[in-house]
S.K.: 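Input: one structure, supplied below.
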Amino acid sequence: MCECSLSGATAQGRNMAAATASKKVFEVFVSRVPWTVASKEMREYFAQFGQVKKCQMPFDKETGFHRGFCWIGFSSEEGLQNALQKDPHVMEGSKLQVQRNRKPFVGRRLGKDEEES
Amino acid sequence: MAALLRSARVLKLSPSSLLQVVGVTKHGAPLRRLFSGAIGGRGIGLCTSQGVSRSVSVNRSWSSCRLLWPSAAGVRRYAAVPEQQGKEEGSVGLRSKQAQQFDWALAKLDSSVRRTGRITKTLLLRIFHDICRSGYPSGNQALLLLRSCGSLLPEAPFTERTELAHRIWDKLQELGASYDASHYNALLKVYLQNEHKFSPTEFLAKMEGANVQPNRVTYQRLIAAYCQEGDIEGASKILGFMKGKDLPITEAVFNSLVTGHARAGDMESAESILNVMKGAGIEPGPDTFVALMTAYAEKGDIEKIKQTLETAEGSDASLMDRDLMQAVFSLARAGHAQHVPVIVERMRHERGYVPDAMNLCLSLITQGQEDTAYTVLKTFPRLQEEGQSGETPDLGNFFLRHCINMDKPVEKLAHYCRDLNDSGLHASPMQFALYCALEAKKTGLAVELMKVMKDEGLPVRPHYFWPLLTHHQREKNTPVPVSSPSFPSVDLSTFRSSLISGFRRSNDVESMAKVTELLYQDKRFCPPPHEPKEYVAYFLYNLIDGMGSSEVQANEDTLRKYFTQLKSLNISIPVTVYRGIRNLLDSYHVPELIKDVIILVDNKESVGFMEMRVPKGVEGKLAMLEGRLSELKAEGKPVNTILKQLIQTLCTEEKLDRALELKTQNEEHMAIGGYAALINLCCRHDNVDEAMNLKREISRKDSSVALDSNKYMTLVRSLAKHGRLEEAVALLKEMKEKDVSLKDSSSVLLFHTLNAAALKGEVDTIRQLQDTAFTLGLAKPTANLCSPLITVYLESYSAMSRIPEFKLSDMASSLLLITHAKRDQVKDAKDIMQSMLQADQVPSQLAITRLVQAMGSHGDLQGIQEVEEKVKSIGATLNLSAMVFINNTALAHIKNGDIESAVETLENVYTQGGDTNRAISISFVFRKVLEQKNDQALDKLAAMAERLANHFASYRAATDLFLQYLDSGLNEEAKFMLARCNAIAEQKDFLLSYVARTSQQPGEVKKITALAEMIPDFTDKETLYSYLMKSYGVDKDLASAKSLYERVQMEGLQMDELFMKRLALLYREAGEATPFQEPPESFKFYANKLREKTKGQIESGDD
């Protein structure tokens, strides 16, 4: 009886996990990005943690500089975890702030001044 | 500043009240800022009496008062004493509104002065405009603004500052502000600080005309103005006025006279003023000495400056850093910058040094003395700048930014950047400078900086150009980046590609067209021999090519407008390139757009009935290039580049025949790059004859030309494949002659060549190629490159048909032996050893070790014995540890189930071997037994170790076992062992030797910390911690390293430089600032030092 309910709960949990995983976006939000770095360099850097599916780095159309932050999407949970485990993240001498992106970026419309690459 | 205003008012009303003196004292520093500033020659009329002067000198450091001066309190006080303003400010409501606004403006300016001792022109202008917009500027607001136009603006040139003061004066007057003597005095002050030349008599006349009575301060400042010009006569005239009105002559007047005489060239009189002062009962104050020092500085008399400093020291009026800065400024401006270091050395770095020194630097830069400013910059305390944030150093950002705002030449900027970087003051000065240039939209400078960066090997990325492009996109009327004369001619391709990426992001057709027009018109972008229209046409082609089909489709309209715009600017393109563009557009399925390109073609008749076939994709590109080639040929122009491009395209497309045909047609124009591509293609198509023909052709043209190593190796591979061994060897020799070294990738090609031969069993091929490559030194006989031969050997051997006729080298034989041993083919391994010894070859130490180990794990006692004897017969050359045999003999016994004999063998080592054997390690046995989980053997061996320790005082075995437990993560067993045999903790050398080895492996630090915990009173903690730090270094674990450092400090241990160096490296790698001075020498240096120290420590291997 006891065993039965336990396995039931586990199965349910697994299903839920699977459901969220399919929708889940493995994204980190990176801030304090030095201006010298663009999405190409970001991708290259974060590729060491796992396959980078997307890199979204908004540029300010007025100034032509990026806004100092970006979103990196990994194709797997593992990449995300690897990236989160490393600390500090240093690029070109600057310490990046990397945190899990709590609000997934899905459905967000891109402005003209934002680049998706 | 609120306090400033109030003080000034009070000053006017009751010049000698005690209360007022207190007020000035309390707010002394900011007051001084507005009145005289750091740089603008102080000594000029601030204080009414000696008493005040003294009290100010007590509080002379700006920063020391900062905390004492809450702005809100100042405002409140100001509001609480409106009657002291002595002025009508309109209705109560209006007044309160003004007060509010004033409050706000005040807070802004106040916070700026408070933090930095300066105001930016932008901030000042914004407040000015806001006050103007309110429509009713008050007298106090006017005073505030006027006083901000002097040395509080170190970033603005003098004339600009004065102009701004005049603008504010006129505008506020126009808006109804009424001026009294304080305003005129403020204006005078600004004149003095800005060295503005004016006629004091006219100034007085103007005041009279406005019906404003000059006061003592006015006269003092007019005297200062005359003195600034060295006009003693004029100063005396004003002095006469003052005496006539019975106004007191203060220290400030005397100070001005010092300056006046000095500027008139009469140093003697200047010096004598000090005695006159004393005669009048006024002690020379700090300002007097500053005036004197400034006079000497202007003459470049450094000795006298030093003397003055010493005199000042001796008196009550000792000088502060800020006073010395005045001397620095004067020296630099008078062209005596060489003396600046002497003064800088004397700075005491008092509190507030940095903001003051920053202002000095900014003023110096504004005055064209940036080199002196740089000298000062380098005296900045580093910790202050590196900051608490732990970021990388970036000292001098303000310096670089201001240099850029002041349009300093790029060479200087580059020099400063290099030096900042080399001195470790700034991690990325060049990038920061570029950022400032981009931010300031200084296109020319930005491009120059990028050029320098490129030369220095720093990356220049396409997005660096975007700020420039957006700028020119926004300001449509200002011309385009490329119009700057400083635009380099070298980086054209970078520029074009960034332009293209800019265009792809833009939909501002007008700007795009303008930029394109500039490309068309500017010779720098269209260098001969090609015509501008060709450059533009290729630019368009590349733009469209780069966009790709979907982007072109999505932006069809934008492109259409762009083409139309180009047409309106009379830009045309040649028909040949048009064809290429047309083909591209056609392949993108936007045929409509083709019509918009046709209008750009210079010779439209040729378009109308062009060939009907519309080639697509690559064919289109090829057709375009071919068209271009024939056109250039027809015009008799150079075709080398286009030919190479065409050949390379054909090669990428694997069109060998067409490429070869083209080569034959254009033999005389062929470049090496084209040949190289062809050779590669021929090899890939397995046409080695043609490849060699091409190779010979190159040699005919120019025998000195070398291919790159990959091409050579590709050829060698093809030749080897076809059995043309001689030619292959000849090519290797040619590589050596032409000094072509084998890169990693080409070394891989060599391996593949050898391996291919190995698979076919071509021993000879392998041997010849190997011999040649190794003897010539092209490649080293690595295991990888040797392995193909072993493969062949093994193949033939396993067919066990016949012993191959060739002889392996010592190295290859040893490798083969190891391979067998690892595969547990003990008999084969033994045979090889046998044959090696017969052939007078010496097996490597590793080969023997592996063989003996294999025998041990097979229980082959006899084999081990035989090998041992053979090795003994070879002699001591092998440097092989006797323990290899003993340990493996023991293991062989264990394997055979004879634990007693194993114990006996091992025990004999310690009990009968004498003292030399006491340090011998039997870790290997313990490790194997632990691995095999042979508890029975382990029990007996443990008992043996204890016995040795307790009865024979021989602790090596026990220590080895303890360490093996530790190493296997069996910490409980290790603790147990330690408890049973305390002496283990004292085996410092054995333990440290283990720690030393472990610290080299990543992820092993747990073992060291476990050891440290188990033996808390370890006798040599310094060494233990040193290895622990090394281990953290290997693991890049800064956090643990930090806490280790804390622990070390807590325990009061003195760590060596290597420890500190490793910690510093961790900090650096993490991008954090090192909170201590990093040891200056290299790792190697300190490692050697340590080695010297610890020479004689026992090193032990475990097998």
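Convention: sequence-line order gives letters A, B, ...; per-chain numbering from 1. Every value quoted in this text rests on a predicted model; they were computed, and no experiment measured them.
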S.K.: Please check if the number of heavy atoms outside Glu44(A) that lie under 6.0 Å from its CD is greater than 12.
M.R.: yes

S.K.: Got a second to check how far Phe65(A)'s CZ is from Tyr435(B)'s OH, nearest 0.5 Å?
M.R.: 5.0 Å

S.K.: Under 4.5 Å heavy-atom distance to chain A, tell me which part of Leu1038(B) shows up: side chain, backbone, both or neither.
M.R.: neither

S.K.: Is it true that, when you exclude Gln1077(B) itself, more than 12 heavy atoms of the residues, nucleotides or ligands shown sit nearer than 6.0 Å to its CD?
M.R.: no

S.K.: Under 4.5 Å from any heavy atom of chain A, what part of Glu439(B) do you find: side chain, backbone, both or neither?
M.R.: both

S.K.: May I ask you to say whether Glu92(A) pairs ionically with Arg461(B), meaning some side-chain N is under 4.0 Å from a carboxylate O?
M.R.: yes

S.K.: If I compare all heavy atoms of Ala1070(B) with all of Pro88(A), which pair ends up nearest, and what's the gap?
M.R.: O-CG, 3.4 Å

S.K.: With a cut-off of 6.0 Å (strictly less than), are more than 12 heavy atoms of other residues, nucleotides or ligands near NZ of Lys86(A)?
M.R.: yes

S.K.: Taking side chain as C-beta onward, heavy atoms only, is Trp35(A) less than 4.5 Å from Tyr464(B)?
M.R.: yes

S.K.: Just verifying a value: how many Å separate Met453(B) CE and Thr36(A) OG1, rounded to the nearest 0.5 Å?
M.R.: 8.0 Å

S.K.: Classify the angle between the aromatic ring planes of His463(B) and Phe59(A) as parallel (below 30°), tilted (30 to 60°) or perpendicular (above 60°).
M.R.: perpendicular

